[in-house]
Amino acid sequence: MPQSAQIAIAVAALLLLAVIGYFALVKPQKSKAASLTTEIAAQDNQITQARALLAKAKNAQKVRVADLFRLTKAMPDQPDEAGIVLELTNVARQSGIEFESIAPQASTLLSGYQVVPITVIFDGNFFQLTDFLFRLRNLVDVRRGALAADGRLFTVDSVQFNQGKLKFPQVQATLTVDAYIYGTGASVSAPPQTQTQTTTGSSGTATSATTTTTTPSATTTTSTSTTPAASATSSSTGGTN
């Protein structure tokens, strides 16, 4: 075989070995190196985020027990209907007014908390109404960046007022006040209503039905009337001869 052919065969064999070695050894290692580079970049990103969260946590204001107490006072996790009524009555007394009725309604579940509407009616003057709204608004406030809670958190959903019984400047106001409950566990149910059926005695006496509506703070009972049934009695007196 000529020497040039031998050289060509040797070069081709070397090239073939080089190609086989590249695909068998070098290329898998390059893929592994690229994968390791991606993993390292992901780990570096996680470390950076963790350091940022740590720095933010160090700079964040620490929650104190007093802050938690005020927050729980403003938005308890229990309905406490009696507490709601007492607090509203106390604010009204400080404003110089007295409620004619207080009627808490069933609570409404929202995202992470509940809303309890309370309908209140009172008869007073406009300045007492303004004072009541001012006091109710200032039960919970933010002062100098800190929460201040002197009672529950209330918001006024609607206000309607008409002329009072004693004419101007007296007004009769009907307000819908919302109280709040933290969480969606215990809820406030609708006020119960009971009704007695009409009964008729054997003696012909009819008694009208009595309807009693009971709310946690007010009870209204309609009057009961008794009407004698119509009766006819005939008698005869015999003569003696």
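Model, not experiment: these values are computed from the prediction.
Rounded to the nearest 0.5 angstrom, L175 CG and F161 CZ are separated by 9.5 Å. Going from atom OG of S107 over to atom CG of D178 covers 11.5 Å, rounded to the nearest 0.5 Å. The line from CZ of F134 to OG of S95 is 10.5 Å long, rounded to the nearest 0.5 Å.
Side-chain contact between V140 and F154: absent, with no pair of heavy atoms (C-beta onward) separated by less than 4.5 Å. Counting heavy atoms from C-beta on, the side chains of Q105 and I118 never come closer than 4.5 Å. Using a 4.5 Å heavy-atom threshold, the side chains of D123 and E100 count as touching. The side-chain heavy atoms of N138 and D141, taken from C-beta on, include a pair separated by under 4.5 Å.
Residues A106 and P117 approach most closely at O-CD, 3.5 Å, considering heavy atoms. Between V91 and L136 the shortest heavy-atom distance is CG1-N, 4.1 Å. Across R152 and Q78, no two heavy atoms sit closer than the pair NH1-O, 4.1 Å.
The backbone N or O of G96 lies less than 3.5 Å from a partner atom in the side chain of Q128, making a donor-acceptor pair. Remark: the backbone N or O of G183 is paired with a side-chain donor or acceptor of Q114 at under 3.5 angstrom.
A single hydrophobic cluster is seen to contain both V85 and L139, as judged by linkage of ILVMFWY side chains at heavy-atom distances under 4.5 Å, directly or through other members. The hydrophobic clustering, which links ILVMFWY residues whose side-chain heavy atoms are closer than 4.5 Å, places V159 and I102 together. Both L71 and L153 are part of a single hydrophobic cluster, where members link through side-chain heavy atoms under 4.5 Å apart. The cluster map of Ile, Leu, Val, Met, Phe, Trp and Tyr, joined by side-chain heavy atoms under 4.5 Å apart, puts L147 and M75 in the same cluster. Cluster annotation: L129 and I97 are assigned to the same hydrophobic cluster (Ile/Leu/Val/Met/Phe/Trp/Tyr, side-chain heavy-atom contacts under 4.5 Å, transitive).
Open room surrounds CZ on R51; 12 or fewer heavy atoms of other groups in view lie less than 6.0 Å from it. In the displayed structure, E98 atom CD is contacted under 6.0 Å by at most 12 heavy atoms of other residues, nucleotides or ligands.
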Start with the C-alpha distance between V156 and L133, add both sets of side-chain angles, then the distance that settles side chain to side chain contact (heavy atoms under 4.5 Å, CB included), and finish with yes or no.
-> CA-CA 8 Å; V156 179; L133 295 176; 3.7 Å; yes
Check against ring pair (Phe, Tyr, Trp, His ring centres under 6.0 Å), F132 and F127 | CA-CA 9 Å; F132 172 74; F127 302 103; over 10 Å; no
Is there a side chain to side chain contact (heavy atoms under 4.5 Å, CB included) between T174 and T119 once you walk through the steps?
-> CA-CA 7 Å; T174 303; T119 302; 4.1 Å; yes
Check step by step if side chain to side chain contact (heavy atoms under 4.5 Å, CB included) holds for R135 and Q94.
-> CA-CA 9 Å; R135 292 176 183 272; Q94 293 174 1; 3.5 Å; yes
Check the pair I181 / V116 against side chain to side chain contact (heavy atoms under 4.5 Å, CB included), numbers first and verdict last.
-> CA-CA 8 Å; I181 304 172; V116 183; 3.6 Å; yes
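With 3.5 Å as the limit, one finds a donor-acceptor pair spanning the side chains of T155 and Y180.
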